[in-house]
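Please read the structure below before turning to the comments.
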2 protein chains.
Amino acid sequence: MSDLLERLRGRGWRMTAQRRVVAEVLDGDHVHLTADEVHARAVERLPEISRATVYNTLGEMVTLGEVMEVATDGRAKRYDPNAHRPHQHLVCGRCGAIRDVHPAGNPLADLPDTERFGFTISDVEVTYRGICPNCATTA
Amino acid sequence: MSDLLERLRGRGWRMTAQRRVVAEVLDGDHVHLTADEVHARAVERLPEISRATVYNTLGEMVTLGEVMEVATDGRAKRYDPNAHRPHQHLVCGRCGAIRDVHPAGNPLADLPDTERFGFTISDVEVTYRGICPNCATTA
DNA sequence: ATCCTACGATAGACATTGTCTAAGTCAAGT
DNA sequence: ACTTGACTTAGACAATGTCTATCGTAGGAT
């Protein structure tokens with residue numbers, strides 16, 4: 001259990017019941033929920049929480065740099081609470097399962113100057129795609 | 001100018017005015033249009049073409065493996081006609097400009113077995129993010 | 001050359017995901 | 001305990017994508 005909530009408190013973030021519930025729901029490892037999934041789970045604990053608040057709160061956590069936004073499938077964005085530990089993602093093309101992975105090496109170093117077109121590069125995002133063991137057997 | 005249209009013909013794809021126009025509009029290098037952008041340009045040449053046909057046609061070209069789908073921003077998917085030449089993307093975080101890039105090395109080799117969780121990996125997608133020279137000066 | 005027929009195209013309703021607004025509510029400092 | 005500005009809410013709206021029923025047509029058959 002990482003301590004997303006503690007990190008947010010430590011930054012002087014104004015705390016409300018809604019924000020606390022969103023942070024609690026999102027916390028953990030290999031967690032990659034969509035905004036609507038976060039909302040569904042938040043509603044179980046705080047029935048009157050609104051969709052807009054969940055979207056706002058997630059957006060703020062991303063702006064604060066405490067949560068990563070991941071777009072692995074061109075559908076809904078997913079939210080990853082492990083923003084402080086750099087990692088990449090491994091996605092199952094059949095069931096959509098996502099695992100956090102830590103590749104060796106630095107992909108940034110692999111891009112020669114001649115291929116940078118004058119850009120100032122700040123970040124690299126790597127998505128590995130394949131089939132998970134569970135889907136492979138249930139072919 | 002790559003020859004998307006020729007490749008599609010060569011595969012025995014049933015040709016219609018609509019499909020030809022979509023293929024023509026999408027052809028070229030560093031082309032990464034959204035479905036609606038493709039539709040807008042197609043309408044200039046064939047005013048009665050419908051949105052649904054553009055979506056269908058793009059989807060079929062992706063299934064045929066002649067066009068790549070790229071989701072760089074969590075908004076609309078973009079379509080890249082250079083599916084036959086493996087490459088990655090470099091995206092400007094301010095204006096959204098996209099360049100095709102060819103990194104050295106093979107990112108797949110960078111993922112140790114212990115980080116594969118039993119997945120059979122078939123593909124790696126790398127997105128470099130930064131600021132393009134144009135946006136850097138117009139700061 | 002014309003006809004058939006299955007496949008493709010169409011309009012528009014619908015679905016999903018995300019954003020915005022105006023008004024009400026509340027956390028935290030005084 | 002007040003006050004205030006930030007937070008939350010419901011619901012309208014917007015953007016993107018999918019589906020269905022119907023119509024049209026490419027390309028083979030005659």
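So that the names make sense, note that chain A is the first sequence line, chain B the second, and so on, each numbered from 1. Predicted model only: the values in this text are computed from it and were never measured.
Rounded to whole Å, atom P of D:dC13 lies 18 Å from atom OH of A:Tyr55. In this structure, the NZ atom of A:Lys77 is 19 Å from the P atom of C:dT16, given to the nearest Å. Distance CE (B:Met61) to C1' (C:dG8): 15 Å, rounded to an integer number of Å. The separation between A:Asp36 atom CG and D:dT16 atom C1' is 15 Å, rounded to whole Å. Distance, B:Gln18 CD to C:dA9 C1': 6 Å, rounded to whole Å. Between the CD atom of B:Glu69 and the C1' atom of D:dT16 there is a distance of 12 Å, given to the nearest Å. Counting to the nearest Å, the P atom of D:dA15 and the CG atom of B:Asp73 are 15 Å from each other. Here C:dT25 presents its C1' atom at 12 Å from CD of A:Glu48, a figure rounded to the nearest Å.
With D:dT9, D:dA26, C:dA9 as the candidates, the nucleotide lying closest to the side chain of B:Arg14 is D:dA26. Of the candidates D:dC7, D:dT9, C:dA28, C:dA28 carries the atom nearest the A:Met15 side chain, counting heavy atoms from C-beta on. The nucleotide whose nearest atom lies closest to any side-chain atom of B:Asn56 is, among C:dT10, D:dT8, C:dG8, C:dT10.
Between A:Glu24 and A:Arg45, at least one side-chain N (NZ, or NE/NH1/NH2) sits under 4.0 Å from a carboxylate O, which counts as a salt bridge. B:Arg41 and B:Glu37 are not joined by a salt bridge, as no carboxylate oxygen comes within less than 4.0 angstrom of a charged side-chain nitrogen.
Mapping B:Ala35 and A:Ala17 onto DNA chain D by nearest heavy atom places A:Ala17 at the nucleotide closer to the 5' end. Residue B:Thr53 is the one, among B:Thr53 and B:Arg75, whose nearest nucleotide of DNA chain C lies closer to the 5' end (criterion: closest heavy atom). Nearer the 5' end of DNA chain D, as judged by each residue's closest nucleotide, is the contact made by A:Ser50, out of A:Ser50 and B:Ala76.
Counting only N and O atoms by type, the side chains of B:His30 and B:Asp80 include no donor and acceptor under 3.5 Å apart. For the residue pair A:His87 / A:Asn82, no side-chain donor-acceptor distance below 3.5 Å is found, with atom types taken as modelled.
Under the 4.5 Å side-chain contact rule for hydrophobic residues, A:Ile98 and A:Leu33 do not share a cluster.
In this structure, A:Thr16 reaches the D:dT8 phosphate: one of its side-chain N or O atoms is under 4.0 Å from OP1 or OP2.
Taking 3.5 Å as the limit, the base of C:dT19 and the side chain of A:Arg51 contain a donor-acceptor pair of atoms between them.
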